[in-house]
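In what follows, every chain begins at residue 1, and chains take the letters A, B, ... in the order their sequences are listed. Computation of the quantities below employed the complete heavy-atom set of this structure, encompassing side-chain atoms and omitting hydrogens, waters and symmetry-equivalent molecules.
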Number of protein chains: 2
Amino acid sequence: MKNKRQGKILELISLHDIGTQEMLMEKLRDSGFDVTQATISRDIRELKLARVVTGKGSYKYLPPNVSESTVSVKFNGALTESIISVDSAVNIVVIKTYPGLAQAVATGIDAVENSMIVGCIAGDDTIMVVTRDEKSAAVVSQNIKKMIKTV
Amino acid sequence: MKNKRQGKILELISLHDIGTQEMLMEKLRDSGFDVTQATISRDIRELKLARVVTGKGSYKYLPPNVSESTVSVKFNGALTESIISVDSAVNIVVIKTYPGLAQAVATGIDAVENSMIVGCIAGDDTIMVVTRDEKSAAVVSQNIKKMIKTV
DNA sequence: GAATAAACCGCATAAATATTCATTTTGTTA
DNA sequence: TAACAAAATGAATATTTATGCGGTTTATTC
């Protein structure tokens, strides 16, 4: 029963915008699954669902996605050692590397997928990272600097 | 104050595993931001953070996932079929393509001359289009997305 | 089938988060 | 600067979510 119910939960949240466990409970009951909020809370933990803020400012459950796995990805030491300097202006972070290594480092930055980073482009020894806003640029720049230091 | 604080929040959640707003409140206070849980709740909504279940079964705040705001499409048009996603930040539009195709697509974008576009450069799989201002970036980004969809 | 253990789940409640309302702070215009 | 409007915030509280505990069901082994 539990498996079917959890399958139904995944189906429901992908079909509708469901913002609370109570709302989910009602939908589940419509589908013949008569459970309490407590059980749904446990299901959500087991399914590793995320509760996110939508564009409209309301809340919504989402299936597990890249967000979790991507965050754990870290730079490896070799890459951070190729970085000479990091600087930022407005919403752009500029990273200088030793000649020919920019592509490799940029690949690493792409791997550390981060919602603050819109995208990045690399030449031979320079990388430009476009971030969502000025604030993000500062954070990203600072994070990269920290990574350099800890290596 | 609010902006700095929210920037700090982004920094804190990217550096530590923060599972509750109360925990975040303590870290913020350590950093000199003396605010209440209520304010943090509002910040979280504004920053569109997500609360996700970690691998260990605990909870954790994360920045919003890129995939939410990124349009990823696969289509069968001449140039547009090589485009994976379009996004923008401030006055820059970033277009991701399949590997090696960025140059070709960029040539197409240059061809579609537009007074809003200052210029663009292309790497291997990423194009950056610099526009006059923020509004232009939104328009250009929107137009490209439409081109992808209508093909 | 009986005995035992493990998983499941509801109830009640604790813990965490969101929101209302009143106040203060900040920004704007004259 | 004064007067006003808008934004930001805290305190209290409502709402939502997580969990301890005990009962029940399910699975396993004899």
To the side chain of [X], which of [options] is closest?
| X | options | result |
| --- | --- | --- |
| A:Arg5 | D:dA11, C:dA18, C:dC9 | C:dC9 |
| A:Thr20 | D:dT17, D:dG20, D:dA18 | D:dT17 |
| A:Gln37 | D:dG10, D:dA18, C:dG10 | D:dA18 |
| A:Arg45 | D:dG10, C:dC9, D:dT19 | D:dT19 |

Over 12 foreign heavy atoms within 6.0 Å of CD, B:Glu46: yes
C:dT20 base / B:Arg42 side chain donor-acceptor hit below 3.5 Å: yes
Nearest whole angstrom, please: distance from the [atom2] of [N] to the [atom1] of [X].
| X | N | atom1 | atom2 | value |
| --- | --- | --- | --- | --- |
| A:Phe33 | C:dC8 | CZ | P | 15 Å |
| A:Ile44 | C:dC8 | CD1 | P | 17 Å |
| B:Met25 | D:dT9 | CE | P | 15 Å |
| B:Glu22 | C:dT17 | CD | C1' | 11 Å |
| A:Arg29 | C:dG10 | CZ | P | 8 Å |
| B:Ile40 | C:dT17 | CD1 | P | 10 Å |
| B:Ile18 | C:dT17 | CD1 | P | 12 Å |

Would you say a side-chain N or O of [X] is under 4.0 Å from OP1 or OP2 of [N]?
| X | N | answer |
| --- | --- | --- |
| B:Ser41 | C:dA18 | yes |
| A:Thr39 | C:dG10 | yes |
| A:Gln21 | D:dT15 | no |
| A:Tyr61 | D:dT17 | yes |

Pairing of A:Glu26 and A:Arg29 as salt bridge, 4.0 angstrom limit: no
Touch class at under 4.0 angstrom, heavy-atom based, for A:Asp43 against every strand present: nothing
Touch class at under 4.0 angstrom, heavy-atom based, for A:Gly57 against every strand present: nothing
Residue whose nearest DNA chain D nucleotide is more 5′ - B:Thr36 or A:Arg51: B:Thr36
Whichever of B:Ala38 and B:Tyr59 has its nearest DNA chain D nucleotide further upstream toward 5': B:Ala38
Donor-acceptor pair, side chain of B:Arg45 and main chain of A:Val53, under 3.5 angstrom: no
Donor-acceptor contact present, side-chain B:Lys60 to main-chain B:Arg51, <3.5 Å: no
Residue pair B:Leu62 / B:Ile13: nearest heavy atoms and the distance that separates them: C-CD1, 3.9 Å
